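Just so it is clear, the structure is predicted and the values come from calculations on it, not from any experiment.
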Amino acid sequence: MKNLEMARIFNEIADMLELQDENLFRIRAYRRAALNLESLGEDLEEVVRRDELRKIPGIGADLALKIKTFFETGRVDFYEKIKKKTPAVLLEMITIPGMGPKTAKLLYSKLKIRSIPDLEKKARAHKISGLPGIKDKTEENIIKGIEFIKKKKGRMLLSTAAYAANEVLERLKRLKEVKKISPAGSLRRQKETVRDIDILVISTKPAKVMKTFTALPQVKEVLAHGPTKSGILTKDDIQVDVRVMEKGSFGAALVYFTGSKAHNIRLRKLAIEKGLKVNEYGVFKGKREKRIAGKTEGEVYESLGLVYIPPELREDQGEIEAALEKRLPKLLELKDIKGDLHVHSDWSDGRYSIEGMAEAARKRGYEYIAITDHSKGLKIAGGLSNKERLKQIDEIHRINRRLKGIKVLAGAEVDIRDNGSLDYSDDILKKLDVVIAAVHSGFKQPGEKLTKRIVTAMKNRYVDIIAHPTGRLMGTRDAYQIDTEEVLKVAKDTDTAIEINAYPERLDLNDIGCRRAKELGVLLAISTDAHITEQFDNMRYGVGVARRGWLERRDVLNTLSWDKVRERLKAK
DNA sequence: GCCGTTTTCGGCCCGACTGTTTTCAGTCG
């Protein structure tokens, strides 16, 4: 898939045009196109082949031609040309927080900056202060900015952000001046990774809130401290921004701070078409700017002729059109989940007994779990031999007779071997209630081979679910190069469910894949892959992915009750 | 550079904070 590469090129073109002081809207066009390529559900090359590039929002005649040429020749001439003209150091300089194209160009031309270390050296030697419009403070900020990018870790996992946000929320909630508080931003949209944490506070005493926030014990550095908006860096180098508003603006502010940016832009355009104006304070009408909405999010959407759009959909990926036509999906909710179909016990690499896991699941209100310990080939994870597997099946049957209030399915996470065959023979597989097949080796094999292994596994009549289909571990390992489209199509044909693995590092299948799966009529199973009881909590991240993928209850296998899920699994 | 049931040309989202000014440009989200 070259989708991301194409997006990167467009983003880089936008950066370079910005350095050339180009028309802002032309720059925005490149960025918008890049964003839409990043979130494209299918292989861009397929779209080229069908000659449907211009159906992608933000791709017009010019960009379509650039994409087409890129696939034909492997290069984009305009990109190569502009790149030659732009000093590479300028592109690096604008990644420093607080430094935009104007400052970067000024420093470059006046001081002949050659590299970031060179810039740092000159800043520390006070060569920068004294240039037009620049004094000591700016110089200090440049040094700080360079230090920041040196240690910058990029985006954090959603789970990390949720934890950090909660620590700040809990602290601020204790203030009597805080009337309402809500996380916003990509955290609220349940994006798989988050850059920084946005929090909205409703209070009539913003100064007090700002003062408390910037003095919290977890603060390492105050990045900004204004009357209603402040930003801090925590001791874990996580940026948290808090904005205080009055209660009549709560809904409008929450829409604004939740984003995404693309979604907000669409809302504001829609408002203009209706003679309205939207900002974080509300929706305003007429010359006298009378506020007609703002208190709740529902009110804001309604005033624009839309039904309420859940945060997870706010990406300008068709949700606005769907809301206009009142055909938004009724998204899956955590409470719809009736059980967990991928759970490990101490028979393989889990920490707790089968009963221990079952008991914890029952307490969560689940009707069932599937114990799916590893198969014999995965020795490192304590995979079960044929004999042990049969013994475990008997044991699970015994436990079921004893246990009240929850059912345990006898399952297995069966290794897909190098040739696509499975790690147990059919006469063992058929004794299991649920068979999950997964790739645990050969991650670097060519895409065709990996795809073929998974496809072959799905064609086995006993395989019910494919676990973590792309194998990615965010921050550690990229997705392997499988042909997702092919996998999904075969999943549909063979009536195999695809897993949404809810491990925060995995979230695999991801949101984009889920949406495509739904379009193709593929059933998903959201599973925690829990190795300890606490990991059952990760279900909410899996549900987050599903919601971002527009999934409804009927699209997810484990929303079915015990009887139905058993029937469904047998039917394959 | 994109886009169109008011437009194929002329629009294109909106505001806070900072550092430098003395009314605002630059940057960010």
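Looking at heavy-atom distances under 4.0 Å, A/Lys105 makes no contact with the nucleic acid at all. A/Ile272 comes within contact range of the sugar-phosphate backbone alone, with a heavy-atom separation under 4.0 Å but no base atom that close. The residue A/Ile96 sits close only to the backbone: its heavy atoms come under 4.0 Å of sugar-phosphate atoms, none of a base. As judged by a 4.0 angstrom heavy-atom cut-off over every strand, A/Ile27 is placed among residues making no nucleic acid contact. Contacts of A/Asn264 with the nucleic acid, taken as non-hydrogen atoms under 4.0 Å apart, are absent. Counting any heavy atom pair closer than 4.0 Å across all strands shown, A/Leu267 reaches no nucleic acid atom.
If you measure from atom CG of A/Leu200 to atom P of B/dG29, you get 17 Å, rounded to the nearest angstrom. Residue A/Arg28 contributes atom CZ, which lies 14 Å from atom C1' of B/dC3 at whole-angstrom precision. Regarding A/Ile94, its CD1 atom lies at a distance of 12 Å from the C1' atom of B/dT27, rounded to whole Å. Between the P atom of B/dA16 and the NZ atom of A/Lys229 lies a distance of 9 Å, rounded to the nearest Å. Here the C1' atom of nucleotide B/dG15 and the CZ atom of A/Arg243 are 7 Å apart, to the nearest Å. Between the CZ atom of A/Phe25 and the C1' atom of B/dC2 there is a distance of 12 Å, rounded to whole Å.
For B/dC17, neither phosphate oxygen OP1 nor OP2 lies less than 4.0 angstrom from any side-chain nitrogen or oxygen of A/Ser230. In this structure, A/Tyr281 reaches the B/dA16 phosphate: one of its side-chain N or O atoms is under 4.0 Å from OP1 or OP2. For the pair A/Arg268 and B/dC13, the criterion of a side-chain N or O lying under 4.0 Å from OP1 or OP2 is not met. Within the 4.0 Å cut-off from OP1 or OP2 of B/dG1, not a single side-chain nitrogen or oxygen of A/Asn23 is found. OP1 or OP2 of B/dC14 has not a single side-chain nitrogen or oxygen of A/Lys261 nearer than 4.0 Å. For A/Lys269 and B/dG11, the shortest distance from a side-chain N or O to OP1 or OP2 is not below 4.0 Å.
Relative ring orientation between A/Tyr30 and A/Phe78 is described as parallel, the plane-to-plane angle staying below 30° on a 0-90° scale split at 30° and 60°.
The nucleotide whose nearest atom lies closest to any side-chain atom of A/Arg32 is, among B/dG1, B/dC13, B/dC3, B/dC3. Among the nucleotides B/dT27, B/dC12, B/dC17, the one closest to any side-chain atom of A/Thr103 is B/dT27. Counting only heavy atoms from C-beta on, A/Lys135 has its side chain closest to B/dT21 among B/dT21, B/dT27, B/dG1. Checking B/dC2, B/dC14, B/dG29 against the side-chain heavy atoms of A/Asp196 singles out B/dG29 as nearest.
At least one donor-acceptor pair closer than 3.5 Å links the side chain of A/Thr258 to the backbone N or O of A/Leu254.
A side-chain donor-acceptor contact under 3.5 Å links A/Gln535 and A/Tyr503. For the 3.5 Å distance criterion, the side chains of A/Glu319 and A/His263 qualify, holding a donor opposite an acceptor.
For the pairing with A/Glu552, the salt bridge (charged side-chain N to carboxylate O under 4.0 Å, His left out) check across A/Lys518, A/Arg547, A/Arg515, A/Lys330 returns one residue only, A/Lys518. Exactly one residue among A/Lys205, A/Arg291, A/Lys295, A/Lys180 makes a salt bridge (charged side-chain N to carboxylate O under 4.0 Å, His left out) with A/Glu246. That residue is A/Arg291.
B/dC17 and B/dT22: their P atoms are spaced 23 Å apart (whole Å). Annotation: B/dT8 and B/dG4 have their P atoms spaced 13 Å apart (nearest Å).
Partner assigned to B/dT8 is none, using Watson-Crick or G-U wobble distances below 3.5 angstrom.
For A/Tyr256 and B/dG29, a side-chain-to-base donor-acceptor distance below 3.5 Å is present, hydrogens and geometry of angles not being considered.
Heavy-atom nearest nucleotides on DNA chain B were determined for A/Ala29 and for A/Gly226, and the one closer to the 5' end corresponds to A/Ala29.
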